[in-house]
Peer 1: 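Here you go, one structure.
The figures here come from the full heavy-atom set of this structure, side chains too, leaving out hydrogens, waters and symmetry mates. Order of the sequence lines sets the chain letters (A, B, ...), proteins ahead of strands, with each chain counted from 1.
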Amino acid sequence: MAGKGRGPGPVRSTPMARAYDVRAVERKWQRRWSDEGTYEVDADDPRPPWYVLTMYPYPSGPAHMGHVRNYTFGDLLVRHRTMLGHAVLSPFGFDSFGLPAENAAIRTGTHPRSFTDARIEELKESITSLGAVYDWRREIRSHDPEYIKWNQVIFERFLEAGLAYRATAPVNWCPGCQTVLANEQVLADGTCERSGDVVVKRDLEQWFLRITAYADELLAGLDDLEWPERVKTMQRNWIGRSEGVEFDLVVEGRDGSHGRPRLALRVFTTRPDTSFGMTYAVVAPEHPMVDELTTAEHRPAVDALRARAAAASDVERLSESGAAGLGKRGAFTGSSVVNPFTGRPVPVFVADYVLMGYGTGAIMAVPAEDTRDWEFARAHGLPVVRTVQPPEGWDEHGGPDGGPGGAWTGDGAKINSDWLDGLDIPTAKERAAAWLDEQGLGTRTVNYRLRDWLVSRQRFWGCPIPVVYCERDGIVPVPEAELPVLAPDDVEFRPTGESPLATHQGFLHTTCPRCDGPARRETDTMDTFVDSSWYFLRFTDPWTPGMPFDPEVARHWMPVDQYIGGIEHAILHLLYARFFTKALGDVGLAPAGLREPFARLFTQGMIRMDGKKMSKSKGNLVAPSGYLETVGADALRLFHLFVGPPADDVDWTDQTDSVIEGCARFLDRVWRLSVPADGPASTASDALAPEDLAVRRAVHRLIDKVTRDYERWSYNTAVAACMEFVNLLHPYARSDGRHEVVGEAVDTLLLLLAPMTPHLAAEAWERRHGDHVHARGWPVADPALLIEETVTMVVQVNGKVRDRIEVPPEVDEGEAERLALASAAVIGVLNGVAPERVVVRPPRLVNIVV
RNA sequence: GGGGGUGUAGCCCAAUCGGCAGAGGCAGGGCGCUUAAACCGCCUGCAGUGAGGGUUCGAAUCCCUCCACCCCCA
């Protein structure tokens, strides 16, 4: 364990003595599951299919506790579903392209492939040693040439279908490194994480995937998914659909008369109802009309603003905290536009709080009803005209500085708006939009926050984009027969930040597949999110030649019945994968009817230490290896299931090791109960005594409880129920317990534990019965044994518990009330006072109100 | 700034439909076993649910205001 001085594994100086040879048992069964191919399934399996998938990991070396937690949940589901009678598809793979391997190559001179393959072996080994089982025949590595090939085929099909295109886009450019940076590589202060230079925006030709073509379907499809609400909300916000109006603001003096061509600024607004309150207009610094709008007098200020905006990130530009500095972040162009609603001119500003990428890159500003417009108007001394009546006292309450109340963005009656006066906002919106339509000034449009997906990366360790640039033929895709395009091995990694591909002459220069003339290869690679956007489909059939996967086989397994992963992928990965599933269907590579990849999603909590997420970069990783040596995989798995609800975060503390040992102690108790056989045999052949029956009832209540807990992802309470049951069983089995009752109890316990602690369950079961516990069916509770003979009825007086009475479960209201009022404790408390009211909820409760 | 989550015993957590605040574990204490200790077995405190208000016969649970921590977005 790095950095914290707690040392690997339990702090105890001598390892705790265990009831069985944990390491030998765990190794035996891991080998057995692998050798016998127990969890290999095929599409022609007669059992109903069930697809469980845990997000494939980036191979960063041996597993850490986050992996353990993740793969414990996944493995539990695989084994549980199998016991329920399904053919469970449980594949594993590696998201093996990415920056860390490339950085390691620069640092050590090792080729990213050998570095990555070594990390994969480590991770694979540690995942296996947890007892997690997979159909390893289906393993995917995204840097595998076969996977690269199909990635490239998919890209070319998208290109053909118009879903991939090349366009100019502003990118983060580091002048020091002479390269493009991903947003994550730009520090909060706008500098490059590597060189420290100030990162600037620069327009470059980049490849995009047209995810926006699916914006509406991506939004609508969320409704039917069994996903956590908050993930769905995050995706909805990310897509950011907004309905509004686009219309023209004619530049003053440029209405088309007097021999000068008409010039108009097109703006987008979601609030056409506020148009009468427009007191200025704003264009983004990148807007193409800025030059034409700017008069000579104001050019220096405008140019300075544009230079500063080019250096700022979108986040900085939109941040409210920067509102104080808005005075410096806007400049008057010297031009005015005419508000078509009032016929009056308003000034046009350039300001960085308007982004070119959203809407039309220009807005009408209504400070009375928009917070940022309000701040800007105040900074520049611009007028404010309210068009919505704020609630009583709004302005009197005052803003932060005691001035008027600020922008009012809520509902209210329209004012100062001529023919809209008195209307509510929705109606006024509708009327204003209709008017613009009638006047031929504007149209209703839908805008999305979602942008097309920029997939170009100036990196070496990624999937090459399979096109060449020919002087004669332009962009030419590499013919499918020549795929995959692979990066050359004889490259040199230099700490310049520049992809070695861009300077490798042998790779760079090629011939055009169409005209055989000289051509240049694309040297950008694809965003690694492309690899992860269809790997779940490849898992269903990585074998059929000539296609990435057979759509018919994919149809058999898809959608993934249960997808498991971290909340950090709530937006990008999960949105891209949804997009790919739809797009692949539309280009004929995936089943056409398959529109959603993941029917159910579960996002597990993360592991924290000292209040921070446990991660390699924070240097607070805890490795499972020490625990595997001491308490074993089963105890560690049990800990992760027991520590709390799976969706909650886990705090790794000084006391965690003790809790893990407690889990190991519990497993020892189970072992002693189950091996070699049962408790002392009873010779009695007569009917079960009440104490025997009590154990049988407890067994069936346990089946019922654990089964329901598994279904609701409440593993912590399932484990607690098993512990409680062992506490009950232990004295019975160790004294005069009947052979067959103890046998049923222990067998049931092992079956219920089999998905959680597979090695112990398998070994104990084999010793008892000689076969595989995981091949047995999931136990079913006998309803007759679930019926309670009596229940405890609580008797309250004014909500305070005064007595408890044992009653039959089917007791009726009248009898319950009679029993309650007859209680000596109640009579004593009432002391002759007649009840005012009696609330009867048989058979659990009677509340007497006086 | 917006959205979401969490807050119960010294600690991790239960309480599934508004009905007995405690299932389980950790740590602590006691007893048994032991030459002794560990292991093992048995027994056992300790909170009134972050704060305040409301609804209700009855609130950890529903509503409102606030506080603290965490996550996501801007």
Peer 1: Could you please name the partner base of A51(B), counting Watson-Crick and G-U wobble pairs only when both distances are under 3.5 Å?
Peer 2: U65(B)
Peer 1: Y20(A) has an atom OH; how far is it from atom C1' of C39(B), in whole Å?
Peer 2: 16 Å
Peer 1: If only side-chain N and O atoms of R669(A) are considered, is one of them under 4.0 Å from the OP1 or OP2 phosphate oxygen of G41(B)?
Peer 2: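 Result: yes.
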Peer 1: Could you identify the nucleotide paired to A14(B), looking across every strand shown and requiring Watson-Crick or G-U wobble geometry with both distances under 3.5 Å?
Peer 2: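 When the pairing criteria are applied, nothing turns out to pair with A14(B), so the answer is none.
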Peer 1: May I ask you to verify if any side-chain N or O of R802(A) is less than 4.0 angstrom from the OP1 or OP2 atom of C20(B)?
Peer 2: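 No, because none of the side-chain N or O atoms of R802(A) sits under 4.0 Å from OP1 or OP2 of C20(B).
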Peer 1: Quick check on contacts: within residues 842-850 of chain A, what sits under 4.0 Å from RNA chain B by heavy-atom distance?
Peer 2: L845(A), N847(A), V849(A)
Peer 1: So, Y576(A) versus W238(A), ring centres under 6.0 angstrom or not?
Peer 2: no
Peer 1: For residues A368(A) and W374(A), report the shortest heavy-atom separation together with the two atoms involved.
Peer 2: CA-CE3, 4.3 Å
Peer 1: Over how many whole Å does the gap from M609(A) atom CE to C69(B) atom P extend?
Peer 2: 21 Å
Peer 1: Looking at N727(A), I'd like to know whether one of its side-chain N or O atoms comes within less than 4.0 Å of OP1 or OP2 on G25(B).
Peer 2: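 True: N727(A) side-chain N/O within range (under 4.0 Å) of G25(B) OP1/OP2.
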Peer 1: For G1(B), which nucleotide in any strand shown is its Watson-Crick or wobble partner with both distances under 3.5 Å?
Peer 2: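 Paired with C73(B).
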Peer 1: Is there a side-chain polar atom (N or O) of R230(A) under 4.0 Å from OP1 or OP2 of G5(B)?
Peer 2: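 Result: no.
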Peer 1: Below the 4.0 Å mark, does A14(B) have OP1 or OP2 next to a side-chain nitrogen or oxygen of N716(A)?
Peer 2: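 Yes.
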Peer 1: Give me the distance, rounded to whole Å, that separates G29(B) from C17(B) when you measure between the C1' atoms they each carry.
Peer 2: 40 Å
Peer 1: Taking only side-chain N and O atoms of R449(A), does any of them lie within less than 4.0 angstrom of OP1 or OP2 on A74(B)?
Peer 2: yes
Peer 1: Taking atom P of C33(B) as reference, at what distance in whole Å does atom CZ of R734(A) sit?
Peer 2: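 For the pair R734(A) CZ and C33(B) P, the rounded distance is 19 Å.
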Peer 1: Taking atom types as they are modelled, would you say the side chain of R804(A) forms a donor-acceptor pair with the base of C20(B) within the 3.5 Å cutoff?
Peer 2: yes
Peer 1: Partner of G58(B) by Watson-Crick or G-U wobble geometry, both contacts under 3.5 Å, or none?
Peer 2: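 Paired with no nucleotide.
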Peer 1: Could you walk me through whether T717(A) and D709(A) pass the side chain to side chain donor-acceptor pair (under 3.5 Å) check?
Peer 2: CA-CA 7 Å; T717(A) 54; D709(A) 280 351; 2.9 Å; yes
Peer 1: How many whole angstroms separate atom NZ of K800(A) from atom P of A59(B)?
Peer 2: 13 Å
Peer 1: Assess the pair Y563(A) and F602(A): is the distance between their ring centroids shorter than 6.0 Å?
Peer 2: no
Peer 1: Output the rounded distance in Å from CD (E229(A)) to P (G5(B)).
Peer 2: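 It works out to 10 Å between those atoms.
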Peer 1: Apply ring-ring contact (aromatic ring centres under 6.0 Å, His included) to H569(A) and list each qualifying residue two or more places apart in sequence or on a separate chain.
Peer 2: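 Partners of H569(A) by the ring-ring contact (aromatic ring centres under 6.0 Å, His included) criterion, ordered by chain and then number, come out as H573(A).
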Peer 1: According to the Watson-Crick and G-U wobble definitions, with both distances under 3.5 Å, which nucleotide is paired to C42(B)?
Peer 2: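 With both distances under 3.5 Å, C42(B) matches G30(B).
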Peer 1: Pairs of donor and acceptor atoms involving the side chains of residues 818-836 of chain A, under 3.5 Å and at least two apart or interchain, shall be tabulated with distances.
Peer 2:
residue: R818(A); atom: NE; partner: E815(A); partner atom: OE1; Å: 3.2
residue: R818(A); atom: NH2; partner: E815(A); partner atom: OE2; Å: 3.0
residue: S823(A); atom: OG; partner: D803(A); partner atom: OD2; Å: 2.6
residue: S823(A); atom: OG; partner: A825(A); partner atom: N; Å: 3.2
residue: S823(A); atom: OG; partner: V826(A); partner atom: N; Å: 3.2

